[in-house]
Amino acid sequence: MAKKKTFRPKPRRPRGFRDRSGEEILAEQAMLRRICDVYASYGFMPLETPAFEFTDALGKFLPDVDRPNEGVFSLQDDDEQWMSLRYDLTAPLARHVAENYDALPKPFRRYQVGTVWRNEKPGPGRFREFTQCDADSVGAPAPHADAEAIMMFADAIRAAGLEDRDVKIRVSSRKVMSGLLEAVGLDPEDKGVSGTVLRAMDKYDRLGAEGVRLLLGQGRKDESGDFTQGAGLSDGQADHVLAFMEAASDDDAAAIAQMRGVMGGSAVGAEGADELDAIAETLAAMGYASRVRIDPSVVRGLDYYTGPVFEAEVTFPVQNEKGETVVFGSVGSGGRYDDLVKRFKGVEVPAVGCSIGVSRLLTALAARGEAQAARGPVVVLALEADRMPAYHRMAAALRAEGIRAEVYLGGSGMRAQLKYADKRAAPVVVIQGEDERTQGEVTVKDLELGAKLSETVESNEEWRSGQPAQVTVPEGELIAAVKRALGAD
RNA sequence: GCCGCCUUAGCUCAGUUGGUUAGAGCGCUUGAUUGUGGAUCAAGAGGUCUCUGGUUCGAUUCCAGAAGGCGGUACCA
């Protein structure tokens, strides 16, 4: 007789998707609040848009193919139209502005927190589902809105918990990159060779001048033996590009001047350099010069950028759980995208904004050991089965005072209940067993203080008999006693 | 996508030159303590040795493939 097998699915998650603990969520919420407070203080208003957008609105159809780009999660609605999960918050903003153009004040300034999805291979601090926190000004031309975006970005990064020495904010411009490409004799519009050159420049930090030279020329083989095809430039052209990269300097004006020299007579290049000069001037006047550098090695992948671009990287080494130091990407970026709304409206609407990768930033801070354990709720022990209403009353009274509190609802004894409270990181437990009840009293035990005291207590007998860090008070003084215990730490 | 490493208890990992009962530390449960989280001591639970196929009398161990994980690299619209 054949036994019927019960189907039991494996509990598992798709690659790059994570469950997140209560502590991580609280840390993220706190970080988001601090970042958004900065955005709001600059006059930005919040906006929410849906997780799904029509794929054509995101601009993510593959050229000449009736299918969405591989990098976005997509599905067909019941009318066969392709929809995709948003992969950033900028494309939905452009859609929103285009759709409500006449009613919106220009410039339109909004900030937005949201989950975004990218169908890519996950890496360290890199997921397929993560949170971004953006602020953008739509309808504000260069370079003043760019300078503001960069200053606000620096403020937001600082508010998020990164001190100035922990982060490097670098600024460049798509226009000076185009100027360089023209000077080298390439067509900036040519996505092939020019794209390869820009990607090589983007790796200057990681691979250094020699690595970039290989990528500009024939190609480069990495440690794992994988070969990357190069851009095929001549030695002279490569020298030219590297001279541009070496313009980086502590003196922004000098860096921009050298970039001008390398770009020769390019008109776009000169325009980009003028904008960078204006930005650098504002940053210096506002006291941001020590926190932000003009640096030609910033490229940024998104090809919708049209002017200044910037990004923030952490300067401390990030290690994974195995203790290996890991290649960690940027924690935030931004730039100018003057053509994004034009896709819908036909008219150019200048726009600039920034985005902070909150999930990655949290990963970086956690890797540095800055995750602090969150305090749990006060736990009211449940010692006598027929006294549950009284326990609930005590918890409710604490809540009414704004103190997080819960009644123990498991089925175990006192010892296990205390272990539970310990594991929950409860700061305080409230105990009313038969002894206290008959006296009209309640015991308030300070677990945090007790943990501290236990370090100096050797024997179990001493530990038990001393009953450290707990007080028994009349029922009416419960709230006051709990508050004392909470405040004492 | 390409390259490399890895996969044995909840976690971190040993181990079996192919042989019957696969181990440790930590964690977990219970007790020493009719009502007190730490420490100590004692007892206990927990494994299709990732999966599939091959070689073999016999595979957790050898071989091949797959899946998953980690890292690098590419891509990142």
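To find a chain, count down the sequence lines: A is the first, B the second, and so on, and within it residues start at 1.
The side-chain hydrogen bond (donor to acceptor under 3.5 Å, both in side chains) test with T443(A) is passed by exactly one of Q432(A), E436(A), Q470(A): E436(A).
Among the heavy atoms of the strands lying under 4.0 Å from E434(A) is at least one base atom, whether or not backbone atoms are also near. Nucleic acid contact for V72(A): base, since at least one base atom lies under 4.0 Å from a heavy atom of the residue. Within the nucleic acid shown, E436(A) comes within 4.0 Å of at least one base atom, counting heavy atoms only. Residue contacts shown for I431(A) include a base, since a base heavy atom lies under 4.0 Å away. Note on K423(A): only backbone sugar-phosphate atoms sit closer than 4.0 angstrom, heavy atoms only; bases stay farther off. Contact annotation for R118(A): base contact, defined as any heavy-atom pair under 4.0 Å involving a base atom. Y87(A) comes within contact range of at least one nucleobase, with a heavy-atom separation under 4.0 Å.
Looking at R300(A), its side chain has no donor and acceptor atom pair within 3.5 Å of the base of C76(B). With hydrogens and angles ignored, a donor-acceptor pair under 3.5 angstrom links the side chain of Q470(A) to the base of U36(B). Looking at E384(A), its side chain has no donor and acceptor atom pair within 3.5 Å of the base of G35(B).
C2(B) and G18(B): their P atoms are spaced 33 Å apart (whole Å). Nucleotides G71(B) and G25(B) are separated by 30 Å at their P atoms, to the nearest Å. Separation of the C1' atoms belonging to U56(B) and A64(B) is 16 Å when rounded to the nearest angstrom. The separation of U36(B) from G47(B), taken at their C1' atoms, amounts to 36 Å, rounded to a whole angstrom. Nucleotides C6(B) and C76(B) have their C1' atoms positioned 27 Å apart, rounded to a whole Å. Distance check on atom C1': U30(B) versus A45(B) gives 10 Å, rounded to whole Å. Between G27(B) and U33(B), the two C1' atoms lie 22 Å apart (nearest whole Å). A distance of about 14 Å separates the P atoms of U61(B) and U20(B), rounded to the whole Å.
Proximity of a side-chain donor or acceptor of Q237(A) to a complementary backbone N or O of V184(A) within less than 3.5 Å is detected.
Residue L198(A) holds its CG atom at 7.5 Å from OG of S178(A), rounded to the nearest 0.5 Å.
Look at R424(A) and you won't find any side-chain N or O under 4.0 angstrom from OP1 or OP2 of G37(B). Considering only side-chain N and O atoms, R15(A) lies under 4.0 angstrom from the phosphate OP1 or OP2 of G69(B). Contact annotation: K221(A) does not reach the phosphate of C2(B) (side-chain N/O to OP1 or OP2, under 4.0 Å). Using a 4.0 Å cut-off, no side-chain N or O of R415(A) falls inside it from OP1 or OP2 of G35(B). The phosphate of C75(B) (OP1 or OP2) has a side-chain N or O of K203(A) nearer than 4.0 angstrom.
Contacts between residues 330-363 of chain A and RNA chain B, counted as heavy-atom distances below 4.0 Å, involve no residue at all.
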Canonical and wobble pairing (Watson-Crick, G-U, under 3.5 Å) of RNA chain B, dot-bracket with |
(((((((..((((.....[...)))).(((((.......))))).....(((((..]....))))))))))))....

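In Q76(A), the CD atom is crowded: over 12 heavy atoms of neighbouring residues, nucleotides or ligands sit closer than 6.0 Å.
Counting only N and O atoms by type, the side chains of D136(A) and Y337(A) include a donor and acceptor under 3.5 Å apart. Between the side chains of T49(A) and R95(A), no donor-acceptor pair of N or O atoms lies under 3.5 Å. When only modelled atom types and interatomic distance are considered, R110(A) and Q112(A) share a side-chain donor-acceptor pair under 3.5 Å. Between the side chains of R220(A) and T228(A), no donor-acceptor pair of N or O atoms lies under 3.5 Å.
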Set out, line by line, the N/O atom pairs under 3.5 Å between protein and nucleotides 42-45 of chain B.
none

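Side-chain rings of F310(A) and F153(A) approach one another, their centers coming within less than 6.0 Å.
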